[in-house]
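Only one structure is covered here, and it is reproduced in the block below.
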Amino acid sequence: MVDWLATLVPNNRTDADGECREPGIEFSLAELIDVIAGLEHVKGAIAAAQARATAQFGRATVREALANRASLPKARSSIAPQIALARRCSPATADRHLGLARALPGMPHTRAALTAGIIDERSATAIVRETNVLNPELRARVDELIAPRLATSSLKQLTGAAARCAAELDPAAVVAKHERAMAERGVWTRPAPDGMAYLSIFGPLTGIVSAYASVHRHATAVVAGHHETDDGETPADPLAERTHTQVMADAALRWLSGLTPGQACPVALNLVMPAESLLAPKSANTDAKLMAQCRAAKGGSETDGDDSTAGQTSSSPGAHGHPGDRDNTHPTLAPAATRGSRSTETPARIPGHGILPAALARRLLLHGCEPTDPAKPASPQHDSPPPAPTPGGTRLAEPAQVFLTRIFTSPDGRDLLALDATARLFPPRLRAALILRDDTCRTPYCDATIRHADHIQPAADGGPTSLTNGQGLCARCNYTKELPGFTTRVLDPQEGPEAGRHTHVTGLTTPTRHRYLSVAPPLLG
């Protein structure tokens, strides 16, 4: 099928003017739309086939565990991780695929629509999610009620229809679902392109709407020129050509951080970048000058351009709260350099978040480093303070601390070289090295934040506490690794894919004897 699809609409080579040099099968505009629509139907049919195979795999795994008198909970726990590896998705996404596969047999109309390609996998998953609190009889009733709308409704419309039917048929179950959701409230971050990130707050509807209205109201006042003040006397910064949404974002982050204008945020950020980029010659009069001022003011260490350099920036403990109040939930930032021909604009990397241009990385490291004049109050930045100002009025902006730590890489800068320790638990420095090297969970396709420093060969079996025998995993994947039938080992360079001799490669084998490779990402690539 894959080979046939590759020939369905061939990639004809074109010349400089965009004209086909090797015309193949010519489709009319209507035929091309028919091909696109037909392939969309095929996606639904494939998703239905995957769901049937997933459900059968789950049943077969349970039957095999019962026949072998193995642990049934452990057998069930191994189903989703294997589905995740096969579908190249995270274990959490595999849970949703597994839930869909188990629910579809009891929802004949939804299953038929998916098999025929009338709806896609997202729509079927949404219907199952909104009815997962109902018993099988009521779920089948919802399936019957929304059947006439399957072919004509959008994803949002189908989701709303399923939710409304579920609330009407069993309101008590929907209320109980809300109570469970309340217990799962929390805050998360996830990376975004271009050096940005998302901050997500999962909470009750009333609280979220109220918080949004407060930020919106504040931004509206700023845009209208009604600037609030820090202490009743000092005006906040003017609008400064910001848009309404930019003011909302600035205010929300300031209020959540509890900062006064000009105050450095007490957060550790680990940034990986070469020393050539960190101390770029062309920025000697700006970035490097500020860096020297930071080292002079805060006692930071000098760097050596021949070694890899890890840099850490954070505010002084006295700047806000107590030292233990710092936010350590995010991956830390760390700069690094290598011997060889590296450009002064070689991008930096934030473990767990992605790539930053060198100029932006320097700006992050140097932000807040310039010592302030104690005789002058801090100049406010972009927006006004939180609704309840800190007693005592405006505080002086304090310079951030910048710590530079040398790390050593392979000559090409791709891999972090070995560290070793004799402790049973990974020491803080070695744990930090694992996070720098692995970036996110090392289980293929997971990409979750690293939570556990894991011994690939268990310490109980004599596995050393070393960088080579360690890997960063999320909590779920670390527990999955201990299930029967799952094994992980470090591969020699000749066993793995084409990679450098220092590249850390592991092989993960599942209970079905399928093997998946996990290659550490380039440190400075």
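Residues: numbered from 1 along the sequence shown. Every heavy atom of this structure was used, including side-chain atoms; hydrogens, water molecules and symmetry mates were not. All values reported here derive from a predicted model rather than from experimental measurement.
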Inset, instruction - For the pair Ile456 and Arg442, evaluate side chain to side chain contact (heavy atoms under 4.5 Å, CB included) and give the outcome as yes or no after the intermediate values. - result: CA-CA 11 Å; Ile456 298 174; Arg442 279 294 295 275; over 6 Å; no

Legend entry - Flag side-chain contact, heavy atom, 4.5 Å: Arg242 against Val247: yes

Legend entry - Gap between atom OG1 of Thr243 and atom CE of Met248 - 0.5 Å precision: 10.0 Å

Legend entry - Point-to-point distance, once rounded to the nearest 0.5 Å, from OG1 of Thr449 to CG of Leu473: 12.5 Å

Just distance, no hydrogens or angles: give the donor-acceptor pairs under 3.5 Å from side chains in residues 127-134, sequence neighbours left out.
residue: Thr131; atom: OG1; partner: Ile127; partner atom: O; Å: 2.9
residue: Thr131; atom: OG1; partner: Val128; partner atom: O; Å: 3.3
residue: Thr131; atom: OG1; partner: Arg139; partner atom: NE; Å: 3.3
residue: Asn132; atom: ND2; partner: Arg129; partner atom: O; Å: 3.3

Inset, instruction - Output the distance between atom NE2 (His504) and atom CG (Asp438), rounded to the nearest 0.5 Å. - result: 7.0 Å

Inset, instruction - Output the distance between atom OG (Ser466) and atom NE2 (His455), rounded to the nearest 0.5 Å. - result: 7.5 Å

Legend entry - Closest heavy-atom pair and its distance - Ala251, His218: CB-CD2, 3.4 Å

Inset, instruction - Check the pair Val223 / His244 against side chain to side chain contact (heavy atoms under 4.5 Å, CB included), numbers first and verdict last. - result: CA-CA 6 Å; Val223 172; His244 190 277; 4.0 Å; yes

Inset, instruction - Over 60° means perpendicular and under 30° means parallel, so classify the ring planes of Phe202 and Trp188, tilted if in between. - result: tilted

Legend entry - Separation between OH of Tyr198 and CZ of Arg190, rounded to the nearest 0.5 Å: 6.0 Å

Legend entry - Taking every non-hydrogen atom, the tightest pair across Pro444 and Leu508: CD-CD2, 4.2 Å

Inset, instruction - Work out which heavy atom in Glu241 is nearest to a heavy atom in Gln246; give both atom names and the distance. - result: O-OE1, 4.3 Å

Inset, instruction - Say whether, by atom type as modelled, one donor and one acceptor occur between the side chain of Ser210 and the main chain of Thr206 under 3.5 angstrom. - result: no

Inset, instruction - Not counting sequence neighbours, which residues clear side-chain contact (heavy atoms from CB on, under 4.5 Å) with Ser77? List them please. - result: Leu483

Inset, instruction - Determine the minimum heavy-atom distance between Gln157 and Ser154, stating which atoms define it. - result: OE1-N, 2.9 Å

Inset, instruction - Look up atom OG1 in Thr488 and atom CD in Glu482, then write down how far apart they are to the nearest 0.5 Å. - result: 9.0 Å

Inset, instruction - With the side chain counted from C-beta on, respond yes when Lys481 and Gln471 share a heavy-atom pair under 4.5 Å apart, and no when they do not. - result: yes

Inset, instruction - Determine the minimum heavy-atom distance between Ile119 and Ser123, stating which atoms define it. - result: CB-CB, 4.1 Å

Legend entry - Ser78 versus Phe486, closest heavy-atom pair with distance: CB-CE1, 3.6 Å

Inset, instruction - Before giving the answer on side chain to side chain contact (heavy atoms under 4.5 Å, CB included), spell out for Leu434 and Ile450 the whole-Å C-alpha distance, their side-chain angles and the decisive distance to 0.1 Å. - result: CA-CA 9 Å; Leu434 287 176; Ile450 293 175; over 6 Å; no

Inset, instruction - Would you check, one step at a time, whether the test side chain to side chain contact (heavy atoms under 4.5 Å, CB included) holds for Leu256 with Leu199? - result: CA-CA 11 Å; Leu256 285 172; Leu199 174 66; 3.6 Å; yes

Quiz: residues 90-101 side-chain donor-acceptor pairs under 3.5 angstrom, not counting sequence neighbours:
residue: Ser90; atom: OG; partner: Thr93; partner atom: N; Å: 3.2
residue: Ser90; atom: OG; partner: Thr93; partner atom: OG1; Å: 3.0
residue: Thr93; atom: OG1; partner: Arg96; partner atom: NH2; Å: 3.2
residue: Asp95; atom: OD1; partner: Arg476; partner atom: NH2; Å: 3.0
residue: Asp95; atom: OD2; partner: Arg476; partner atom: NH1; Å: 2.4
residue: Asp95; atom: OD2; partner: Arg476; partner atom: NH2; Å: 3.2
residue: His97; atom: ND1; partner: Arg87; partner atom: NH1; Å: 3.3
residue: His97; atom: ND1; partner: Glu121; partner atom: OE2; Å: 3.3

Inset, instruction - Find out whether Pro427 and Thr465 are in side-chain contact, i.e. whether some heavy atom of one side chain is under 4.5 Å from a heavy atom of the other. - result: yes

